[in-house]
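To start, the structure under review is shown below, and the notes come after it.
Letters A, B, ... are given to chains in the order of the sequence lines, protein chains preceding strands, and every chain is numbered from 1.
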2 protein chains.
Amino acid sequence: MADIFFDVKKHSDHQKFLKGMELLYFAYRDFISWPDDVLHTLGFGRAHHRVLHFVGRNPGLKVAELLKLLNITKQSLSRVLGTLVEKGHIRQDIGDQDRRQRLLHLTKQGEFLLNKIAEHQKEHMLKAFKNAGNHSVEGFWKVLSALIADENRVEILSQVSRDMGK
Amino acid sequence: MADIFFDVKKHSDHQKFLKGMELLYFAYRDFISWPDDVLHTLGFGRAHHRVLHFVGRNPGLKVAELLKLLNITKQSLSRVLGTLVEKGHIRQDIGDQDRRQRLLHLTKQGEFLLNKIAEHQKEHMLKAFKNAGNHSVEGFWKVLSALIADENRVEILSQVSRDMGK
DNA sequence: TTAAATATGTCAACATGGCTGACATATTTT
DNA sequence: AAAATATGTCAGCCATGTTGACATATTTAA
């Protein structure tokens, strides 16, 4: 097939760059801007979603670790985390070895909310994977991994691998 | 090779979703957060960069078209576009068929600035492409294209294809 | 056992870049 | 002449980031 659009070799370096950049921009934009009625009617935004996601993926996560994953300051986090705790979506357990730590967990309510939110995105992404084919998905993952900053890669890939060890 | 990390078939649907989502999040984050000293010392932010980029890619772009590409309101755009025009990076020509339109162009100065900014990102992306391999890049593009919202795909892919017709 | 380091939280002020609503102007279409 | 269109502008609000300065509890080190 003569699909020149996806034929990498038919592109100059500059064209590859432009295509990668723009596709990444538009795809990311459309992926994260799913109909977020669920969040919004509860007074939550994307920042809350990110916290719910990472806490859900890493039960018992320490605050410092969450900050590192989100790459924001504790002052930024506090607003968001505060309301999630207030409204009963996240529970903060005191660390057992170190009582200064707050270990974060989703409550049942938090799990329910996260699932509700994730539904649309999951559908969206799996549909895209299906349309593009398994082979393309592998390339997708490889390029994304390569795009992660060198200083972060090891740590992030270990986060991404969490619970994938089947 | 036994690289289970990239072996799509060894993943459940939920695992594929999580991996895609998190890799996309981290890669996008690291890609757009390059050292933006250039912009910042000039008092510009990412919003300004996006405008410079799209005007650079589409000389003579109408304001309404730019708004569509950016997916923001004209009030949001005006702040950003205003300063870029003020400081001599963008020129607004009056439309020749329709004198209500403002056709946007980069000035020499604007071109220079855009190139300066793009340098780092171009390096970053081409390095990732090289590390992942041409084959992966094709998959990357295919998945990203599939991730674009159905309503937008045709139009966006035509934007992305602009000047790729070699 | 006291002093220092660490994990977390909080107050206050500020920046960026979105949003809505209400109008204003110039130009083109009907 | 009236309506529609392309653009601009004023004003205020919101979400989410930032710094800087402290406060508290707890653990570790001297």
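Using a 4.5 Å heavy-atom cutoff, the side chains of B:V51 and B:L66 are in contact.
The separation between B:H40 atom NE2 and C:dA15 atom C1' is 8 Å, rounded to whole Å. Put simply, CD on B:E86 is 14 Å from C1' on D:dT9, counting in whole angstrom units. Rounded to whole Å, atom P of D:dT18 lies 10 Å from atom CG of A:L70. One interatomic measurement links the two molecules: NZ of B:K74 to C1' of D:dT9, which rounds to 9 Å at whole-angstrom precision. Here the P atom of nucleotide C:dT27 and the CD1 atom of B:I94 are 7 Å apart, to the nearest Å. Taking atom CZ of residue B:R99 and atom C1' of nucleotide D:dG8, one finds them 16 Å apart after rounding to whole Å. The interatomic distance linking A:L67 (CG) with C:dT8 (C1') rounds to 9 Å, in whole Å. Atom NZ in B:K68 sits roughly 11 Å away from atom P in D:dA6 (whole-Å rounding).
Checked against the 6.0 Å centroid threshold, A:F44 and A:H89 count as a close aromatic pair.
If you find the closest nucleotide of DNA chain D to B:A64 and to B:R79, the one lying nearer the 5' end belongs to B:A64. For A:R46 and B:R100, each mapped to the nucleotide of DNA chain D holding its nearest heavy atom, the one lying further toward the 5' end belongs to B:R100.
Remark: side-chain polar atoms of A:Q159 are not paired, donor with acceptor, to backbone N or O of A:L69 under 3.5 angstrom. Listed for the B:R153 side chain is a donor-acceptor partner under 3.5 Å among the backbone atoms of B:I148.
Contact check on B:E65 versus B:K68 returns no salt bridge, with no Lys/Arg side-chain nitrogen under 4.0 Å from an Asp/Glu carboxylate oxygen.
The side chain of A:D98 sits closest to C:dA7 out of C:dC19, C:dA7, D:dT16. In the set D:dT19, C:dG17, C:dG9, the nucleotide with an atom closest to the side chain of A:R102 is C:dG9.
Across all strands, B:H48 comes closer than 4.0 Å only to sugar-phosphate atoms, never to a base (heavy-atom distances). Residue contacts for A:E65: at a heavy-atom cut-off of 4.0 Å it reaches no nucleic acid atom on any strand shown.
Taking side-chain N and O atoms only, A:T73 has a distance below 4.0 Å to OP1 or OP2 of D:dT18. Between C:dC19 and B:S76, a contact under 4.0 Å exists linking OP1 or OP2 to a side-chain N or O. At least one side-chain nitrogen or oxygen of B:Q92 sits closer than 4.0 Å to the OP1 or OP2 atom of D:dG8. Distances shown here put a side-chain N or O of B:R50 below 4.0 Å from the OP1 or OP2 atom of C:dG18.
If you check distances only, the side chain of A:Q75 never reaches the base of C:dG9 with a donor-acceptor pair under 3.5 Å.
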